[in-house]
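All values reported here derive from a predicted model rather than from experimental measurement. Naming convention: chains lettered A, B, ... in sequence-line order (proteins, then strands); numbering from 1 in each chain.
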Protein chains: 2
Amino acid sequence: MAKAPTVYDVAERAQVSIATVSRVLRTPDAVRELTREKVLDAVRYLGYVPSANARGLAARRTNVIGLFFPGHDDLDYAAAVDARGDGGVPVVVDDDDRASETENLYFDEVLRGAEIEAWRRGFALMVAAGRGASREALINDIAGRVDGLAVLSSTVSDELLAHVARRIPVVVLAGSERDDGFDHVSASNGPGMRTMAGYVLQQHGVRDLVYVAGPGDSPDDAERLEGFRDALRDAGVDEATVPIERGDFTREGGQRIAERLVRGDSRPRAIVCANDQTALGVLDVLEQHGIRVPEDVLVTGFDGITAGRHSRPRLTTVHQPMVELGRAAVHAITARLDDPGLGPQSLTLPVRVVLRDSCPPV
Amino acid sequence: MAKAPTVYDVAERAQVSIATVSRVLRTPDAVRELTREKVLDAVRYLGYVPSANARGLAARRTNVIGLFFPGHDDLDYAAAVDARGDGGVPVVVDDDDRASETENLYFDEVLRGAEIEAWRRGFALMVAAGRGASREALINDIAGRVDGLAVLSSTVSDELLAHVARRIPVVVLAGSERDDGFDHVSASNGPGMRTMAGYVLQQHGVRDLVYVAGPGDSPDDAERLEGFRDALRDAGVDEATVPIERGDFTREGGQRIAERLVRGDSRPRAIVCANDQTALGVLDVLEQHGIRVPEDVLVTGFDGITAGRHSRPRLTTVHQPMVELGRAAVHAITARLDDPGLGPQSLTLPVRVVLRDSCPPV
DNA sequence: CTGAAAGCGCTAACAC
DNA sequence: GTGTTAGCGCTTTCAG
């Protein structure tokens with residue numbers, strides 16, 4: 001790792017000009033075979049690796065796309081990496097901490113989609129999980145490194161986003177399309193929930209149900225609630241007769257609300273939840289109290305996280321195409337890069353209702 | 001997105017020199033309060049975002065760390081993102097494709113660990129999944145963009161790695177430490193398997209067992225097999241009496257081998273697998289054939305992927321600290337960046353045997 | 001504390 | 001085909 005060799009070093013060794021070296025690397029066909037060989041030999045000999053910085057600076061583009069989303073749970077960031085295997089392997093019985101595992105599946109999948117699409121289009125992918133205070137600095141930092149940025153809805157202030165958007169295309173993921181001038185990519189939250197709730201109302205003929213919403217500040221949540229209301233209307237059910245509880249999209253939140261519901265005197269026939277985590281929490285509590293699902297109560301979620309396929313009973317849900325969301329986000333960015341003149345784009349990806357045990361097919 | 005403003009624009013508007021602008025951004029304390037304010041105002045007004053390329057070029061470091069691993073299944077890379085939500089939401093009954101979900105958990109977790117550690121240390125993280133032929137170009141490309149690179153074992157030829165390592169620190173993930181001059185971060189494969197198999201042999205008193213290995217080219221696999229042999233020796237079991245089947249670390253591979261085993265006349269009492277996927281495949285087949293686990297046959301895996309917690313029966317396994325692997329890799333890189341003089345480092349992270357239903361505690 | 005000026009390594013006209 | 005020559009936008013001495 002002494003001093004990294006540069007085009008100059010390569011040029012000198014190959015007895016050509018630096019322009020030729022550059023050509024061999026970028027447009028090999030524009031160079032005579034023999035010359036090319038000489039240059040490549042020098043490259044190998046010197047261990048030359050082109051500096052993306054210099055290239056980016058000269059070419060005015062980085063060929064990198066950024067993906068920004070909220071940080072993982074702040075649990076143990078400070079924990080040092082100091083555990084060392086000393087040969088002693090502990091044997092433990094199980095250790096079923098259900099909480100941790102379900103959390104980030106959503107981002108993992110979006111990330112995977114973005115990753116696939118980015119490289120397919122010749123871009124590198126830079127990921128950043130913003131935490132608390134550092135967020136502003138972070139987003140600015142990353143913005144300076146990429147040609148375009150995909151940001152998860154509500155993780156960054158519009159103001160900051162606008163600042164960044166002056167420089168590079170920004171696409172907002174999973175938020176409803178507001179008239180904010182950004183590109184948007186999201187899933188059919190409203191129609192999805194409308195169909196799900198409609199199934200409960202129409203096919204199962206339920207009239208006595210409860211809706212467990214998410215935190216008020218989420219656009220996704222708002223759309224789902226709206227879809228739920230539509231379903232009530234479709235079924236001719238008076239909204240006033242249907243309680244709306246406010247959860248927070250977490251398993252614990254679902255548990256808390258379910259506790260209250262279970263204690264109440266009039267137990268609903270169905271609990272429609274705004275996301276899977278919440279629904280899983282509800283299932284936890286119902287099971288604890290010996291309430292049978294789906295016999296006594298129907299439960300539905302939204303998202304389609306993996307954990308829902310393995311729950312007992314398995315969770316009926318509205319599945320979002322998370323990988324596709326990631327891909328679409330990258331696609332939107334590259335589209336705008338290719339044609340900066342484009343007006344604001346909004347893509348809504350289809351969802352599907354997946355019937356499993358917690359609200360089975362009739 | 002007109003022309004992005006530069007230090008010059010900011011300097012002009014703030015009536016200072018570009019050097020001062022740079023100072024305000026890098027070392028704010030070295031600038032008078034009043035001057036700083038003027039500059040910051042100009043920054044906000046102009047929507048200035050510093051170019052990481054220019055900075056990297058001038059400062060000779062990118063502050064980015066790269067993570068490279070094998071591409072995801074080549075399934076549908078070509079599939080275009082063209083599905084659009086038209087309001088019609090399909091309702092489907094279940095659709096339990098078990099295959100797809102378990103695949104990339106390992107990378108997802110490593111990635112998460114790397115991500116956490118990178119940002120904690122002030123580095124951005126660039127991820128790249130290399131596919132087939134493009135791999136060489138890719139790795140070179142990414143190498144030019146980062147200050148250090150973590151590579152998953154056996155995804156890149158040693159030759160290429162050596163080339164890259166001349167320029168930046170490279171750490172190999174999850175491969176055994178060979179004397180190749182690279183830094184290594186891995187888990188206690190050998191001791192882990194030795195303990196796991198030892199448990200089967202000693203605690204359950206099994207003598208009649210089969211080992212299902214992975215693909216021959218994986219160093220992890222080799223270490224695990226070695227650990228298995230050690231366990232046999234520990235238990236005084238003649239190696240010659242224990243069949244070693246060769247799988248390929250996939251669920252299908254496990255199924256294939258289990259089919260053979262089930263058909264054979266002498267059914268083993270235990271099947272020790274080199275990874276979880278394989279073990280899950282084995283479980284699939286045993287269940288199909290009505291063979292009870294653990295009553296008739298014990299099954300163990302290795303890795304600790306989430307799917308193993310949800311299988312029926314739940315899978316006993318050796319758990320690797322995947323998130324920690326990612327963190328440790330990044331840590332190793334930053335350590336070397338701080339002190340380039342360091343000799344080759346090798347970190348082996350501890351694993352633990354997790355007893356679940358498929359091979360329960362005695 | 002602030003400014004002037006010299007690069008960092010590469011690309012992209014533009015000549016030859 | 002190949003070489004020359006400007007920059008790209010920022011950091012960093014070195015003066016002042």
Side-chain angles (χ1 to χ4, degrees), chain A residues 2-40 42-43 46-64 140-141 143-147 166-168, chain B residues 2-40 42-43 46-64 140-141 143-147 166-168:
Chain A
K3 194 185 149 301
T6 73
V7 263
Y8 294 97
D9 301 317
V10 176
E12 184 178 349
R13 181 151 226 283
Q15 304 276 36
V16 298
S17 74
I18 61 166
T20 297
V21 174
S22 181
R23 284 192 194 100
V24 169
L25 266 27
R26 306 271 121 266
T27 51
D29 296 328
V31 177
R32 189 156 42 109
E33 166 96 37
L34 178 62
T35 319
R36 200 188 316 151
E37 287 309 329
K38 277 197 308 185
V39 172
L40 289 178
V43 165
L46 295 170
Y48 168 73
V49 177
S51 153
N53 277 332
R55 177 182 313 179
L57 186 54
R60 253 160 291 215
R61 75 173 329 196
T62 64
N63 266 299
V64 179
N140 233 298
D141 182 56
R145 308 171 178 282
V146 301
D147 290 336
R166 283 173 71 170
R167 189 183 215 270
I168 53 175
Chain B
K3 195 185 148 301
T6 72
V7 263
Y8 293 97
D9 301 318
V10 176
E12 185 178 348
R13 182 150 225 284
Q15 305 275 35
V16 298
S17 73
I18 61 166
T20 297
V21 174
S22 180
R23 285 192 193 99
V24 169
L25 268 24
R26 305 268 125 274
T27 52
D29 297 329
V31 178
R32 189 158 42 110
E33 166 96 37
L34 179 62
T35 319
R36 202 188 314 152
E37 287 309 329
K38 279 197 306 186
V39 171
L40 257 19
V43 165
L46 295 170
Y48 168 72
V49 177
S51 152
N53 277 331
R55 176 183 310 176
L57 185 54
R60 255 156 292 204
R61 75 175 318 192
T62 65
N63 266 299
V64 178
N140 233 299
D141 183 55
R145 307 171 178 282
V146 301
D147 290 337
R166 283 173 71 170
R167 189 185 215 268
I168 53 173

Would you mind reading off the distance between R145(A) atom CZ and dC8(D) atom P, rounded to a whole angstrom? 22 Å

What verdict does the side chain to side chain contact (heavy atoms under 4.5 Å, CB included) test give for R36(B) and L40(B), after you've listed the backbone C-alpha separation in whole Å, the side-chain angles of each residue and the deciding distance to 0.1 Å? CA-CA 6 Å; R36(B) 202 188 314 152; L40(B) 257 19; 4.1 Å; yes

Does the side chain of R32(A) get closer than 4.0 angstrom to OP1 or OP2 of dT2(D) through an N or O atom? yes

Using atom types as modelled, flag every donor-acceptor pair under 3.5 Å from a side chain in residues 14-28 of chain A to any protein atom, sequence neighbours excluded.
residue	atom	partner	partner atom	Å
S17(A)	OG	A19(A)	N	3.4
S17(A)	OG	T20(A)	N	3.4
S17(A)	OG	T20(A)	OG1	3.4

Atom CG of N53(B) and atom C1' of dT11(C): how far apart are they, to the nearest Å? 13 Å

Would you please test I168(B) and D147(B) for side chain to side chain contact (heavy atoms under 4.5 Å, CB included) and show each step? CA-CA 6 Å; I168(B) 53 173; D147(B) 290 337; 5.6 Å; no

If each of E33(A) and V7(B) is mapped to the nucleotide of DNA chain D with the nearest heavy atom, which maps nearer the 5' terminus, i.e. the 5' end? E33(A)

On DNA chain C, does the nearest nucleotide to A59(B) precede the nearest nucleotide to V31(B) from the 5' side, or the other way round? Give the residue. V31(B)

Please table the atom pairs, donor to acceptor, closer than 3.5 Å between any side-chain atom in residues 51-60 of chain B and protein atoms at least two apart or in another chain.
residue	atom	partner	partner atom	Å
S51(B)	OG	N53(B)	N	3.3
S51(B)	OG	A54(B)	N	3.0

Donor-acceptor check, side chain of R167(B) to backbone of P5(A), threshold 3.5 angstrom: yes or no? no

Go through residues 17-27 of chain B and report each residue with a non-hydrogen atom lying under 4.0 Å from DNA chain D, sorted by number. I18(B), A19(B), S22(B), R23(B), R26(B)

Testing dC10(C), dC10(D), dG3(D) for proximity to the side chain of V16(A), the answer is dG3(D)

Distance check needed: dT2(C) P versus R36(B) CZ, whole Å only. 10 Å

For the side chain of T35(A), counting heavy atoms from C-beta on, which of dT11(C), dG9(D), dG1(D) is nearest? dG1(D)

Side chain Y8(A) and base dC8(C) donor-acceptor under 3.5 Å: no

Whole-Å gap separating C1' (dG9(D)) and CG (L57(B)): 9 Å

State, to 0.1 Å, how close A4(A) and D9(A) come at their nearest heavy-atom pair, and which atoms those are. O-OD2, 4.2 Å

Nearest whole angstrom, please: distance from the P of dC8(C) to the CZ of R55(A). 19 Å

Rounding to an integer number of Å, can you tell me how far E12(B) CD sits from dG9(D) P? 14 Å

Looking only at side-chain N and O atoms, does R60(B) come under 4.0 Å of OP1 or OP2 in dC8(C)? no

Measure from CG on L46(A) to C1' on dG9(C) and round the result to the nearest Å. 15 Å

With salt bridge (charged side-chain N to carboxylate O under 4.0 Å, His left out) as the test, would you mind laying out the steps for D141(A) and R145(A) before giving the verdict? CA-CA 7 Å; D141(A) 182 56; R145(A) 308 171 178 282; 3.3 Å; yes

Roughly, in whole Å, what's the span from OH in Y48(B) to P in dG9(D)? 10 Å

